[in-house]
Student: 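Just passing along the structure, written as structure tokens.
Chain letters run A, B, ... following the sequence lines, proteins first and then strands; every chain starts at 1.
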There are 2 protein chains.
Amino acid sequence: MTVSPTRIPEATVARLPVYLRALNSLLDSDIRSCSSEELATAAGVNSAKLRKDLSHLGSYGTRGVGYDVEYLRYQISREIGLTQDWPVVIVGIGNLGHALANFSGFSSRGFRTVALLDADESRHGELVAGCPIRDFGELGQIVREHGVAIGVIATPASAAQAVCDQMIAAGIRSVLNFAPTVLSVPEDVDVRMVDLSSELQILAYHEQRKAPHVEGAPGTEGVA
Amino acid sequence: MTVSPTRIPEATVARLPVYLRALNSLLDSDIRSCSSEELATAAGVNSAKLRKDLSHLGSYGTRGVGYDVEYLRYQISREIGLTQDWPVVIVGIGNLGHALANFSGFSSRGFRTVALLDADESRHGELVAGCPIRDFGELGQIVREHGVAIGVIATPASAAQAVCDQMIAAGIRSVLNFAPTVLSVPEDVDVRMVDLSSELQILAYHEQRKAPHVEGAPGTEGVA
DNA sequence: TAGATTGTTAATCGATTAACAATC
DNA sequence: TAGATTGTTAATCGATTAACAATC
């Protein structure tokens, strides 16, 4: 219940999940304690940034020693809010929705998929990751029943805004959008967009600027 | 072949695909010309940022008038490098790889999936989005044959680093990683990570800080 | 005490924003 | 010419980084 003294910068918040994963992987290797340098390496950032980030949460390390992996993991989890349960609904059960429903990275972090919804009647009742596909019309009831606060949109772009509107009407204020379209929402609603095509385009931009691809270049090919 | 006068800021590069999509959607509505204000609204940013961003590319608008939608779209496409063809391989054809292979947002923007690779022999030959699944061992040959510059990793985390290493050995220098793990790569290789679980965690962080969820709140429920 | 490493300070860098001169 | 809107300037804000004092 300790409230953080200051607002945590957005860039830091975005990296906390990365630190969390790095800590988990250290624990998997039975590493109980680490320096900022080690953790930073595992997380793919530099140690100055890591220490600065952690300083926004509090003083959870020991000078001259480093961090207790389990303790730091707990503190970050708590800060993010992963010590509570987050019921989630996924709307649009195509291949992507399917993949999301099966993604263990969600369930292992306190995100519990309470319903899979799809507009296609012919798919209702089908089990995906042990959860039946239900009608989109049940959204409001499900949100009320389970206290769903986070909605995931994995529909085609054409349906996304309508789905989003319904989610908001049902009381959802945090939306993760995989549909390639900008959603308009009231300002108290958070939308995060995962834009697959943008990611490729950003890579293409940089690739284009690299040294031209040399045919039969210095590469080590066929390293089986 | 015109080289941009200055380096384009990273934050701007990340928004160019968004502008491109907004321009496409304007064209779909038969809108041939727009102001920075209109385009910014469609893209979900403010107009000052939009104009600043575009100013890094050149002067493609007309003062007092606005932008020609088709012309601006072409200029942004060219800047990103979408006027050329980008052969892509996808490795790991589970639900997510499946979804990516079928994603029209890739193919419609010059990204051509030339191969789907998976380590699981039992799936070899299976057609996904009209493309047969092939053995991961063929990676080097496929990259050479098609001049693949971009690799997509949709494997489990445990396989991702090895897949990435092979991609780099085969000559790939741009990687889009969906596996929930940090990849270590030489500095001339670009990795973009799409981290589904991080996105949910970031939403959870903000949700947690919002006003506590009121049971039976002012919501409009059941708006069918 | 001496060595190690955190947490913080201060400098630097990059991104955002508002305002407006240029110009259609 | 008058109105509209871009492209640019300059101010502000936030993020990164290096260096180091605090302290285990």
Student: Could you tell me which residues satisfy salt bridge (charged side-chain N to carboxylate O under 4.0 Å, His left out) with B:Glu38, sequence neighbours excluded, listed by chain and number?
Tutor: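 B:Glu38: no salt bridge (charged side-chain N to carboxylate O under 4.0 Å, His left out) contacts found.
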
Student: Grab the two heavy atoms, one from B:Cys164 and one from B:Leu183, that are nearest each other, plus how far apart they are.
Tutor: SG-CD1, 3.9 Å

Student: Sequence neighbours left out, what pairs pass salt bridge (Lys or Arg N to Asp or Glu O under 4.0 Å) with at least one residue falling in residues 82-108 of chain A?
Tutor: A:Asp85-A:Arg112

Student: Only counting residues at least two apart or in another chain, list the ones meeting side chain to side chain contact (heavy atoms under 4.5 Å, CB included) with A:Tyr74.
Tutor: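 By the side chain to side chain contact (heavy atoms under 4.5 Å, CB included) rule, A:Tyr74 matches A:Arg78, A:Thr83.
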
Student: What is the first contacted nucleotide of DNA chain D and what is the last, in 5' to 3' order, if contact means an atom lying under 4.0 angstrom from a heavy atom of chain A?
Tutor: D:dA15 to D:dC24

Student: Please collect all salt bridge (Lys or Arg N to Asp or Glu O under 4.0 Å) contacts where either partner lies in residues 146-158 of chain A, sequence neighbours excluded, each pair once.
Tutor: none

Student: Output side-chain donor-acceptor pairs under 3.5 Å for residues 86-98 of chain B, partner residues at least two apart or in another chain, one line each.
Tutor:
residue : atom : partner : partner atom : Å
B:Trp86 : NE1  : B:Gly81 : O            : 2.8
B:Asn95 : OD1  : A:His98 : ND1          : 3.3
B:Asn95 : ND2  : A:His98 : ND1          : 3.3
B:His98 : ND1  : A:Asn95 : OD1          : 3.3
B:His98 : ND1  : A:Asn95 : ND2          : 3.3

Student: Going by salt bridge (Lys or Arg N to Asp or Glu O under 4.0 Å), name the pairs with one or both residues in residues 147-160 of chain A, residues two or more places apart or in two chains.
Tutor: none

Student: For A:Tyr71 and A:Tyr60, I'd like to know if the aromatic rings sit close, meaning centre-to-centre distance below 6.0 Å.
Tutor: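 For A:Tyr71 and A:Tyr60, the ring centres are under 6.0 Å apart.
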
Student: Only counting residues at least two apart or in another chain, list the ones meeting side chain to side chain contact (heavy atoms under 4.5 Å, CB included) with B:Ile31.
Tutor: B:Leu26, B:Ser29

Student: Which pairs, with at least one residue in residues 16-33 of chain A and sequence neighbours excluded, count as a salt bridge (Lys or Arg N to Asp or Glu O under 4.0 Å)?
Tutor: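 Every salt bridge (Lys or Arg N to Asp or Glu O under 4.0 Å) pair that includes a residue of residues 16-33 of chain A, provided the two are not neighbours, is A:Arg21-B:Asp195, A:Arg32-A:Glu70.
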
Student: Scan residues 31-49 of chain A against DNA chain D and write down, sorted by residue number, each residue with any heavy atom closer than 4.0 Å; if none is found, say none.
Tutor: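 Those residues whose heavy atoms fall under 4.0 Å from DNA chain D, taken from residues 31-49 of chain A in numerical order, are A:Asn46, A:Ala48, A:Lys49.
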
Student: Could B:Arg209 and A:Glu79 be called an ion pair, given the rule that one side-chain N must be under 4.0 Å from one carboxylate O?
Tutor: yes

Student: Specify the residues of residues 61-68 of chain B, ordered by number, for which at least one heavy atom lies under 4.0 angstrom from an atom of DNA chain C.
Tutor: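 The stretch gives B:Thr62, B:Arg63, B:Gly64 as the residues lying under 4.0 Å from the strand, ordered by number.
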
Student: Which comes earlier along DNA chain D counting from the 5' end, the contact point of A:Thr12 or that of A:Arg51, where each point is its nearest nucleotide?
Tutor: A:Thr12

Student: In dot-bracket form, 5' to 3', how is DNA chain D paired? Count Watson-Crick and G-U wobble pairs only if both distances fall under 3.5 Å, and write | where the partner sits on another strand.
Tutor: ..||||||||||||||||||||||

Student: Compare every heavy atom of A:Gly151 with every heavy atom of A:Ile172, then report the nearest pair and how far apart it is.
Tutor: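 Looking at all heavy atoms of both residues, the shortest contact is CG2-N, 3.8 Å.
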
